[in-house]
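For reference, the structure I am asking about is given below.
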Amino acid sequence: MQVTLPDGKVLELQAGATGRDAAAAIGPGLAKAALAVKQRGEIRDLSATLIPGETLEIVTDRSGQDALDLIRHDAAHVYAAAMLELYPGVKISIGPPVENGFYYDVELPEGTSLTQADFERIEQQMKQHIQADEPFVREDVPVAEARERYLAEGQDYKVELIDDLVATQGIDTVSLYTNGPFTDLCRGPHAPSTKRIKAFKLQSVAGAYWRGDASRTMLTRVYGTAFFSQDALAEHLERLEQAKARDHRRLGPQLGLFTFSDVAQGSAFWLPRGTTIFNELVKLSREMGGPRGYQEVKTPQLYDSELWKTSGHWGKYRENMFLTETEGAEMGIKPMNCPGHAHLFKSQQWSYRDLPVRYSEPGLLHRNELSGALHGLLRVRHFTQDDAHVFCTEEQIEDEVAAALEFAFATYAVFGFAAIEAKLSTRPENRLGSDELWDRAEGALAAALDRHGIAYTVNAGDGVFYGPKIDLHYADSLGRSWQLGTVQLDYSMPERFALSYIGADNAEHRPVMIHRALMGSYERFIGILIEDTAGELPLWLSPVQAIVLPIADRHAEAARAVVEQLRAAGLRAEADERTESVGRKIRDAELRKVPYMLVVGDRESEDGTVAVRRHRGGDEGTEAVADCARRLSADVTARVR
RNA sequence: GCCGGAGUAGCUCAGCUGGUAGAGCAACGGUUUUGUAAACCGUAGGUCAGGGGUUCGAGCCCCCUCUCCGGCUCCA
C-alpha cells in the first residue's frame with residue numbers, strides 16, 4: 001500500500017501495515033518517538049492498520065495539542081487504575097482529556113471522600129504504573145461480552161454507557177483498552193505505553209453530576225494535567241499562578257475598586273475608584289451609541305407580574321427572578337430590560353418611517369442565580385448591562401444585526417481586544433414561538449454573519465428562550481476565553497406585546513426586536529479588564545491618572561499646584577503629601593498601578609516642571625507641568641491604551 | 001441548588017496530640033525632611049464566621065446555619 005507523508009513524499013508499505021511499521025520505515029528515531037498516527041484528521045493508535053492512499057502524519061510529542069490530548073487521556077486511565085487499587089469498590093465512569101489536562105469522574109465507595117491531601121498517595125500509585133511502562137492494548141470485543149464483564153465487576157456506569165452506545169448508535173462491538181491491571185471501555189486512541197507521560201499532576205477535586213444531569217448521582221471529579229517534560233508542567237503551573245495573581249476578586253479590593261459583603265450575596269459594592277471606571281465605560285457606550293442612532297431611555301425596576309406574563313418570563317424565567325408583592329399585587333424585579341422597552345415602544349404609534357428605533361439603557365438588573373454559581377464580578381445577582389433594543393422591520397434585520405456587530409467590534413477595538421470569536425446559538429429546548437419563527441430568526445443571524453464575512457461556530461441549543469443569538473467571545477492575554485457581547489434576534493416579544501407600526505401600505509405590521517449588549521455587563525466587563533490587564537488599566541480608565549509626589553514637606557504646596565493644573569485639564573490627579581520618603585511614595589503608587597507619577601522637588605518647584613515616571617518605568621526626565629497636562633489630557637481623549 | 005474544601009486582627013498568614021490568642025504589612029502616636037519600588041521607635045487592635053453540644057477546660061472535637069473557594073448545573 002501507499003501513504004503520502006506531510007512533505008508530499010509517498011511511502012511504500014506492505015499491505016496491512018500499521019502506524020508503527022510506517023514510522024519504522026521512515027527512521028528509527030521516529031519509530032521511537034511515535035505516539036500515534038493521524039489520517040483523515042483522525043488520531044489513531046500506532047498499532048492500527050493504516051488506510052491506504054491517504055496522507056499520513058506521525059504524531060510525536062511535538063505534535064502540540066493532539067499529542068498532549070493523547071498522554072492526558074493516558075494519564076486519566078492511569079489515574080483510574082490507581083483509584084481501583086487504592087479504593088476497592090470505586091465505580092469509574094468517564095475520563096476524557098480536556099483543554100488543559102484531563103479529568104476522571106468516579107463514584108467513591110460509600111463513606112469515603114477525596115481531598116487534595118490524598119493526591120500524593122494517588123500520584124505515587126500512578127507513578128508506579130508509569131515507571132512500569134505498561135502498554136495500552138486495544139481489543140475490540142462484542143457488546144455482550146463487554147457488558148457482562150462490567151456487570152460482573154459491578155461497574156454500573158460502564159454498563160450504562162454500553163447500553164447507551166447500543167441504543168443510540170446500534171453498534172455491536174466496543175473497544176477496550178488495557179493498561180496494566182486496568183481495562184477501560186474507551187474509544188481511544190492512546191499512546192503506545194504509559195511511560196510517554198513524562199510529567200503529570202493531580203490538581204483539584206470537585207463534584208460533577210453523572211452525565212451533567214443535576215437529577216443524577218454526584219460523582220467525584222479529579223482534574224489533573226500531563227506534559228512531555230517537567231519544565232512544560234512547571235511552566236503551566238506558573239501560568240496558573242499568574243492567573244491567580246490577576247484574579248479580579250483579589251485585585252479589585254486591593255486597588256480599592258469594589259468589595260463584596262455577606263449582606264448582599266452576589267452584588268458588588270462599588271468604591272469611588274471602581275465607580276470611576278464604571279462611569280467611564282458608560283460614557284464610552286453613550287459616546288459611541290449616539291452617532292449610531294441609539295437613544296437612551298429609563299425604565300422601571302419593578303413590574304407587575306402582568307408584564308412578565310405578557311413577555312413570557314413568568315413561564316420561562318421565573319426561577320431566576322426576585323419576586324415581591326404589594327397590596328396583593330405580585331411584582332417582579334427586572335432580570336432583563338426587554339419587556340420594559342417593548343412596553344415603552346408600545347406607548348406610541350409608529351410609522352415605518354420611524355424605524356429602526358434604537359432604545360439603549362444602562363439597565364440595572366437582578367437575577368436570582370444559584371448561590372454556587374456566583375463568581376466575583378463575572379457572575380453576580382445584581383448587574384448593569386450596556387443594553388439596547390432595536391425595533392425594526394424584517395427587511396432591516398440584516399443591516400441592523402450587522403450594525404450591532406460593527407458597534408461591538410468598534411467597542412472592543414478601544415480596549416485592543418482583537419481575538420474575538422463569534423458563536424451562533426440556536427433554539428433551546430425551553431423556548432417560545434413556533435419552529436417557523438426560529439427558522440427565520442436563525443437564518444437571518446447566519447445571513448448577517450456570512451454577509452460580513454465573520455467566521456463563527458454554531459452552539460446548538462444554546463439560544464435564549466425568545467430567540468437565537470450571536471455571542472462574542474474574547475481570548476485574553478493569558479489565552480482564557482470570556483463572553484463579552486451578545487446580539488439576539490426576537491420575533492416572540494413583539495408578538496406577545498402586539499407591537500406594531502404602520503407600513504407604507506397603510507396596514508399594521510409587526511416589528512422585530514434585536515436585543516444587544518456589547519460589553520455584556522459593566523460588572524463582568526470590568527472583571528475581565530482587570531484580569532486581562534492585571535489591573536494595569538489604560539490611562540483613560542485609571543481611577544487616578546497621575547499622582548504628584550512631593551519630595552519633602554516643603555514641596556507640598558507646589559505639588560498641590562500641579563494637581564490643580566492637572567485637574568483643570570480634566571485629569572484625575574492627586575498628591576501624596578505623607579511625610580514619607582520618595583521611594584516609599586513611588587512604591588505605593590506602583591502598587592496602586594497609577595499610570596503616571598510626577599515627582600516635585602526643589603528643582604521642579606522652581607522652574608514649574610515635574611519629573612515624570614510611568615508605571616513600571618523609570619525616571620523619564622522632567623517636563624513642564626503645562627505640557628504634561630496637555631499631553632496626558634490628549635491621551636485620555638484619544639483613549640490611548 | 002448539588003459535591004468537596006475553607007473561614008483566626010483591615011490584609012497575608014502562624015497557632016503541636018484540647019490548657020490564658022501570635023507575626024509581618026496596614027492603622028494610630030512620635031522621631032526623621034527624605035530624589036525614583038518599603039526610614040526608625042512605640043501604641044492600639046480579636047465574641048477565633050454565627051449558634052448549639054462534649055469537656056474541669058474548645059481556635060482545635062461533634063452537630064446545625066451562614067459566607068467564601070474549586071467544580072457541576074446555569075449564565076451578561
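Letters A, B, ... are given to chains in the order of the sequence lines, protein chains preceding strands, and every chain is numbered from 1. Values below: all heavy atoms of this structure, side chains included; hydrogens, waters and symmetry mates excluded. Bear in mind that the values here come from a model prediction, so they are computed numbers and not experimental data.
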Practice task
Give A/L484 one of three labels, base, sugar-phosphate or nothing, depending on what nucleic acid heavy atoms sit under 4.0 Å from its own.
Solution key: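 Counting heavy atoms under 4.0 Å across all strands, the contact made by A/L484 is with sugar-phosphate only.
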Problem - C1' atoms of B/A21 and B/U31, separation to the nearest Å - result: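 Pairwise C1' distance, B/A21 against B/U31, rounds to 32 Å.
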Practice task
By nearest nucleotide on RNA chain B, pick out whichever of A/Y223 and A/R616 is the more 5' one.
Solution key: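 Going by which nucleotide is closer to the 5' end, it is A/R616.
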Problem - Partner nucleotide of B/U67 by Watson-Crick or wobble geometry (both distances under 3.5 Å) - result: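 Across any shown strand, B/U67 pairs with B/A6.
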Problem - The single option from A/F278, A/Y522, A/F383 passing ring pair (Phe, Tyr, Trp, His ring centres under 6.0 Å) against A/W270 - result: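 Filter result, single survivor: A/F278.
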Exercise for the section: With the side chain of A/R524 defined as its heavy atoms from C-beta on, choose the nearest nucleotide among B/C75, B/C72, B/U32. Expected result: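 Of B/C75, B/C72, B/U32, B/C75 is nearest to the side chain of A/R524.
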Exercise for the section: Tell me whether the OP1 or OP2 atom of B/A76 has a side-chain N or O from A/H382 closer than 4.0 Å. Expected result: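 Indeed not, no polar side-chain atom of A/H382 lies that close.
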Problem - Nearest-neighbour nucleotide for the A/I551 side chain, B/A76, B/U34, B/G1 considered - result: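 Nucleotide nearest to A/I551's side chain: B/U34.
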Exercise for the section: Assign A/R584 to base, sugar-phosphate, or nothing according to its heavy-atom contacts below 4.0 angstrom with the strands shown. Expected result: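 Sugar-phosphate, backbone atoms only, no base.
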Practice task
Pick base, sugar-phosphate or nothing for A/A373, based on heavy-atom distances below 4.0 Å to the nucleic acid.
Solution key: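 Here A/A373 touches the bases of the nucleic acid.
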Practice task
Select base, sugar-phosphate, or nothing to describe what A/G372 touches, counting heavy atoms under 4.0 Å on all strands.
Solution key: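 A/G372: base contact, heavy atoms under 4.0 Å.
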Handout entry: Nearest-Å distance once atom C1' is located in both B/G15 and B/U67
Key =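 After rounding to an integer number of Å, I get 23 Å for this pair.
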Problem - A/Q203 vs B/G71: side-chain N/O to OP1/OP2 distance below 4.0 Å - result: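 False: A/Q203 side-chain N/O out of range (4.0 Å or more) of B/G71 OP1/OP2.
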Exercise for the section: Give a yes/no on whether any side-chain N or O of A/R367 is located under 4.0 angstrom from OP1 or OP2 of B/C75. Expected result: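 No, outside the criterion.
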Exercise for the section: Please find out if less than 6.0 Å separates the ring center of A/H515 from that of A/Y466. Expected result: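 They qualify: ring centres under 6.0 Å apart.
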Exercise for the section: For A/Q483, answer base if it contacts any base atom (sugar-phosphate contacts may also be present), sugar-phosphate if it contacts only those atoms, and nothing otherwise; contact means non-hydrogen atoms under 4.0 Å. Expected result: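 Sugar-phosphate, no base atom in range.
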Problem - Watson-Crick or G-U counterpart of B/C11, or none if no pair lies under 3.5 Å - result: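 Because both required distances fall under 3.5 Å, B/C11 counts as paired with B/G24.
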Practice task
Report yes if at least one side-chain N or O of A/R578 is closer than 4.0 Å to OP1 or OP2 of B/A38; otherwise report no.
Solution key: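 For B/A38, neither OP1 nor OP2 has a side-chain N or O of A/R578 closer than 4.0 Å.
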Problem - Residue that, paired with A/E590, satisfies salt bridge (charged side-chain N to carboxylate O under 4.0 Å, His left out) out of A/R614, A/R616, A/R613 - result: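 Only one of A/R614, A/R616, A/R613 forms a salt bridge (charged side-chain N to carboxylate O under 4.0 Å, His left out) with A/E590, namely A/R613.
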Problem - Options B/U67, B/A37, B/C75, nucleotide nearest the side-chain atoms of A/D262 - result: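 Of the candidates, B/U67 comes closest.
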Exercise for the section: Could you check whether A/V205 gets within reach of a base, just the sugar-phosphate, or nothing at all, counting any heavy atom under 4.0 Å? Expected result: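 Base contact - A/V205 has a heavy atom under 4.0 Å of at least one base atom.
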Exercise for the section: Determine: side-chain N/O of A/K469 to OP1/OP2 of B/A76, distance under 4.0 Å, yes or no. Expected result: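 Yes, within the criterion.
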Problem - Pairwise C1' distance, B/U33 and B/A27 [rounded to whole Å] - result: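 My reading of the C1' atoms in B/A27 and B/U33 gives 22 Å.
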Exercise for the section: Determine the contact category for A/A611: base if any of its heavy atoms lies under 4.0 Å from a base atom, sugar-phosphate if only primed atoms, P, OP1 or OP2 are that close, otherwise nothing. Expected result: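 The residue A/A611 makes base contact.
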Handout entry: Face-on cation placement of A/R216 at A/Y209 ring, 6.0 Å and 45° thresholds
Key =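 That pair does not qualify as a cation-pi contact.
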Problem - B/A76 OP1/OP2 closer than 4.0 Å to side-chain N/O of A/T486 - result: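 For A/T486, the contact criterion (side-chain N or O under 4.0 Å from OP1 or OP2 of B/A76) is not met.
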Exercise for the section: Could you give the distance separating B/G52 and B/G10 at their P atoms, to the nearest angstrom? Expected result: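 Each nucleotide's P atom is 23 Å from the other's.
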Exercise for the section: Just call it for A/G618: base, sugar-phosphate, or nothing, with non-hydrogen atoms closer than 4.0 Å on any strand. Expected result: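 Since no nucleic acid heavy atom lies under 4.0 Å of A/G618, the category is nothing.
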Handout entry: Pairing partner (Watson-Crick or G-U wobble, both distances under 3.5 angstrom) of B/G1
Key =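 Checking every strand shown, B/G1 finds its partner in B/C72, with both distances under 3.5 Å.
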Practice task
Remember a base hit wins even if backbone is also touched, and classify A/G207 as base, sugar-phosphate or nothing at under 4.0 Å, heavy atoms.
Solution key: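 Touches a base.
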Handout entry: Short side-chain N/O contact to B/U12 OP1/OP2 from A/R250, under 4.0 Å
Key =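 The answer is no; no side-chain N or O of A/R250 sits under 4.0 Å from OP1 or OP2.
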Handout entry: A/Y294 ring center near A/F407 ring center (under 6.0 Å)
Key =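 Between A/F407 and A/Y294, which both carry aromatic rings, the centre distance is below 6.0 Å.
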Handout entry: C1' gap between B/U36 and B/C16, integer Å
Key =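 Comparing C1' positions in B/U36 and B/C16 gives a spacing of 46 Å.
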Exercise for the section: Select base, sugar-phosphate, or nothing to describe what A/Y522 touches, counting heavy atoms under 4.0 Å on all strands. Expected result: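 Nothing, no heavy atom under 4.0 Å.
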Exercise for the section: Look at A/Q385 and B/A76 and indicate whether a side-chain polar atom (N or O) is within less than 4.0 Å of OP1 or OP2. Expected result: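 False: A/Q385 side-chain N/O out of range (4.0 Å or more) of B/A76 OP1/OP2.
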Practice task
Between B/G35, B/U32, B/C2, spot the one nearest the side chain of A/T579, thanks.
Solution key: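 When the side chain of A/T579 is considered, B/U32 is the closest of B/G35, B/U32, B/C2.
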Handout entry: Rounded distance in Å - CG (A/D105) to C1' (B/U73)
Key =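 These atoms are roughly 13 Å apart.
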Practice task
May I ask you to verify whether the side chain of A/E604 and the base of B/G35 hold a donor-acceptor pair under 3.5 Å?
Solution key: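 Such a pair exists between side chain and base.
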Practice task
Determine the interatomic distance between P on B/G29 and the same-named atom on B/C62; round to the nearest Å.
Solution key: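 These two P atoms come out 45 Å apart once rounded.
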Exercise for the section: May I ask you to verify if any side-chain N or O of A/Y104 is less than 4.0 angstrom from the OP1 or OP2 atom of B/G71? Expected result: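 The answer is no; no side-chain N or O of A/Y104 sits under 4.0 Å from OP1 or OP2.
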Exercise for the section: Please evaluate the base of B/G1 for a donor-acceptor partner in the side chain of A/Y209 within a cut-off of under 3.5 Å? Expected result: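 For A/Y209, whose side chain was compared with the base of B/G1, there is a donor-acceptor pair (under 3.5 Å).
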Exercise for the section: Between A/S204 and A/L219, name the one whose nearest nucleotide on RNA chain B is closer to the 5' end. Expected result: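 The 5'-side residue here is A/L219.
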Exercise for the section: Taking all heavy atoms of A/D387 and all of A/R516, pick out the closest pair and write down the distance. Expected result: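 Closest approach of A/D387 to A/R516, heavy atoms only: OD1-O, 3.2 Å.
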Practice task
Quick one: label A/T115 by what it contacts on the DNA or RNA (base, sugar-phosphate, nothing), any heavy atom closer than 4.0 Å.
Solution key: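 Result for A/T115 = sugar-phosphate.
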Exercise for the section: Establish, yes or no, whether a centroid distance under 6.0 Å links the rings of A/H313 and A/F465. Expected result: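 Distance test on ring centres: under 6.0 Å, yes.
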Practice task
Name the closest nucleotide to the A/S371 side chain, picking from B/G1, B/G35, B/A37.
Solution key: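 Output: B/G1.
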Exercise for the section: Could you check whether A/A552 gets within reach of a base, just the sugar-phosphate, or nothing at all, counting any heavy atom under 4.0 Å? Expected result: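 Result for A/A552 = base.
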Exercise for the section: Could you label the plane-to-plane angle of the A/F415 and A/F417 rings as parallel, tilted or perpendicular, counting under 30° as parallel and over 60° as perpendicular? Expected result: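 A/F415 vs A/F417 ring planes: tilted.
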Problem - Nearest-Å distance once atom C1' is located in both B/A26 and B/A38 - result: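 To the nearest whole Å, 12 Å.
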Exercise for the section: Mark yes or no for a side-chain to base donor-acceptor pair under 3.5 Å between A/R216 and B/C72, with no hydrogen or angle criteria applied. Expected result: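 Under the 3.5 Å cut-off, the side chain and the base do not form any donor-acceptor pair.
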Practice task
Identify which nucleotide among B/C74, B/U34, B/G35 has an atom closest to any side-chain atom of A/R379, counting heavy atoms from C-beta outward.
Solution key: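 From the listed options, B/C74 comes nearest.
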Exercise for the section: Name the nucleic acid region contacted by A/E107, choosing base, sugar-phosphate or nothing; use a 4.0 angstrom heavy-atom cut-off, strictly under. Expected result: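 Since no nucleic acid heavy atom lies under 4.0 Å of A/E107, the category is nothing.
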Problem - Pair assignment for B/U31, Watson-Crick or G-U wobble, requiring both distances under 3.5 Å - result: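 WC or wobble partner is B/A39.
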Problem - B/C61: pairing nucleotide in any strand, Watson-Crick or G-U under 3.5 angstrom - result: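 Across all strands, the one nucleotide that pairs with B/C61 is B/G53.
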Exercise for the section: Check whether any side-chain N or O of A/R516 sits under 4.0 Å from OP1 or OP2 of B/A76, and answer yes or no. Expected result: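 No, outside the criterion.
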Handout entry: Carboxylate-amine/guanidinium proximity below 4.0 Å for A/R249 and A/D247
Key =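 Salt bridge present between A/R249 and A/D247.
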Handout entry: Proximal nucleotide (of B/U36, B/G70, B/C74) relative to the A/E369 side chain
Key =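 Of the candidates, B/C74 comes closest.
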Problem - Sidechain N-carboxylate O distance under 4.0 Å for A/D588, A/R578 - result: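 A/R578 and A/D588: salt-bridged.
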Practice task
Determine: side-chain N/O of A/R554 to OP1/OP2 of B/G35, distance under 4.0 Å, yes or no.
Solution key: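 For A/R554, the contact criterion (side-chain N or O under 4.0 Å from OP1 or OP2 of B/G35) is not met.
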Problem - Given B/G70, B/A37, B/U73, the nucleotide with the shortest approach to the side chain of A/A214 - result: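 Of the options given, the side chain of A/A214 lies nearest B/U73.
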Exercise for the section: Indicate, with a heavy-atom threshold strictly under 4.0 Å, whether A/D602 touches base, sugar-phosphate, or nothing. Expected result: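 Base contact - A/D602 has a heavy atom under 4.0 Å of at least one base atom.
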Practice task
Could you measure between the two P atoms, the one in B/G53 and the one in B/C25, and give it in whole Å?
Solution key: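 After rounding to an integer number of Å, I get 41 Å for this pair.
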